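Below you'll find the structure, written out as structure tokens, and then a few comments.
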Protein chains: 2
Amino acid sequence: MTATAKARLKSQARVLKALAHPTRLFIVEELSRGERCVCELTEMIGVEMPTVSRHLSLLKNVGIIEDEKRGTQVFYRLMTPCVMKFLGCLGGVEASFRK
Amino acid sequence: MTATAKARLKSQARVLKALAHPTRLFIVEELSRGERCVCELTEMIGVEMPTVSRHLSLLKNVGIIEDEKRGTQVFYRLMTPCVMKFLGCLGGVEASFRK
DNA sequence: CGAATACTTAGCGATATTGCTAAGTATATG
DNA sequence: CATATACTTAGCAATATCGCTAAGTATTCG
């Protein structure tokens with residue numbers, strides 16, 4: 001394993017790790033339908049806002065989503081719609097395992 | 001969020017979590033080129049065999065790989081080549097973030 | 001300005017993950 | 001049978017993650 005390969009794997013793992021949580025997967029799916037503010041997401045998810053906020057900043061840190069403040073609200077947008085194809089495939093993986 | 005949606009997200013997150021580690025990503029990539037025994041993977045990765053073995057059983061538990069014992073060796077195979085397309089897309093995600 | 005709303009950050013305890021070493025299991029081999 | 005090889009399992013310490021509450025920041029509104 002070269003150092004380059006190692007760096008690439010680490011970087012890819014970082015993105016996967018960011019996606020690897022039910023709440024964050026929900027956020028990504030929801031944002032794929034359009035931008036949402038933190039309060040909307042919080043209500044849909046059903047955990048405290050600080051918790052949602054932390055999930056959001058995690059996704060933002062790896063470049064999957066982006067935020068924009070408008071008034072007192074902060075709206076988040078999906079930056080990499082590619083992630084959705086990704087998740088579509090994922091459905092196949094579990095299905096193939098369950099059968 | 002319905003209970004069904006919750007269960008699906010949890011299941012998907014489980015698969016992503018299994019992939020979300022540099023060593024396990026390496027294993028998946030390597031197995032996409034053909035089956036490998038634990039000792040081969042161990043040598044390539046450069047950590048102790050028990051550690052590799054645990055990464056392998058994690059991947060096996062979510063149905064991504066499968067094992068077969070032949071003599072004293074255990075060979076692992078990729079069960080869901082779909083995962084590779086998945087990872088191809090991943091390259092795009094990081095690239096789009098870095099630029 | 002003062003209060004309210006929408007968020008984020010910090011800090012905490014509970015739990016999960018990671019890699020290690022040591023010990024256990026199973027198959028081949030002298 | 002005894003030893004070696006290939007692997008897995010168990011147990012441990014270090015570290016990371018998760019959700020919470022409390023406290024801080026920023027913008028709006030009376």
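No experiment lies behind these values; they were computed from the predicted model shown.
The separation between K69(B) atom NZ and dA26(C) atom C1' is 4 Å, rounded to whole Å. Whole-Å rounding puts the L41(A) CG to dA6(C) C1' distance at 13 Å. Rounded to an integer number of Å, the gap from I45(A) CD1 to dC20(D) P is 11 Å. Protein atom CZ of R54(B) is 11 Å distant from nucleotide atom P of dA10(D), rounded to whole Å. The CG atom of L58(A) sits 11 Å away from the C1' atom of dA16(D) (whole-angstrom rounding). At whole-Å resolution of the value, CG in L56(B) and P in dG19(C) are 12 Å apart. Atom-to-atom, CD1 of I65(A) to C1' of dT8(C) comes out at 14 Å; the value is rounded to the nearest Å. In this structure, Y76(B) places its OH atom 15 Å from P of dA6(D), rounding to the nearest Å.
Considering only side-chain N and O atoms, S53(A) lies under 4.0 angstrom from the phosphate OP1 or OP2 of dT8(C). Residue H21(A) places no side-chain N or O under 4.0 Å from the OP1 or OP2 atom of dA16(D). The shortest distance between the side-chain N/O atoms of K17(B) and the OP1/OP2 oxygens of dT17(D) is not below 4.0 Å.
Distance from the side chain of H55(B) is smallest for dG19(C) among the nucleotides dG19(C), dC7(D), dC7(C). The side chain of C39(A) approaches dC7(C) more closely than any other nucleotide in the set dC20(C), dC7(C), dC7(D). Candidate nucleotides dC7(C), dT8(D), dT27(D) were compared by shortest atom distance to the side chain of T72(A), and dT27(D) ranks first.
Each of P50(A) and T51(B) lies near DNA chain C, and the nucleotide nearest P50(A) is the one positioned closer to the 5' end. Each of R70(A) and V47(A) has a nearest nucleotide on DNA chain D; the 5'-most of these lies closest to V47(A).
Using a 4.0 Å cut-off between charged nitrogen and carboxylate oxygen, R77(A) and E68(A) count as a salt-bridge pair. A salt bridge is absent between E48(A) and R54(A); no separation between the charged side-chain nitrogens and carboxylate oxygens falls under 4.0 Å. With salt bridges taken as basic N to acidic carboxylate O contacts below 4.0 Å, none links E43(A) and R36(A).
Note on R24(A): only backbone sugar-phosphate atoms sit closer than 4.0 angstrom, heavy atoms only; bases stay farther off. No engagement by F75(A) is indicated, since no non-hydrogen atom pair under 4.0 Å with the nucleic acid exists.
T42(B) places a side-chain N or O within 3.5 Å of a backbone atom of V38(B) that can act as its donor or acceptor partner. No side-chain donor-acceptor contact under 3.5 Å links R8(A) to the backbone of A3(A).
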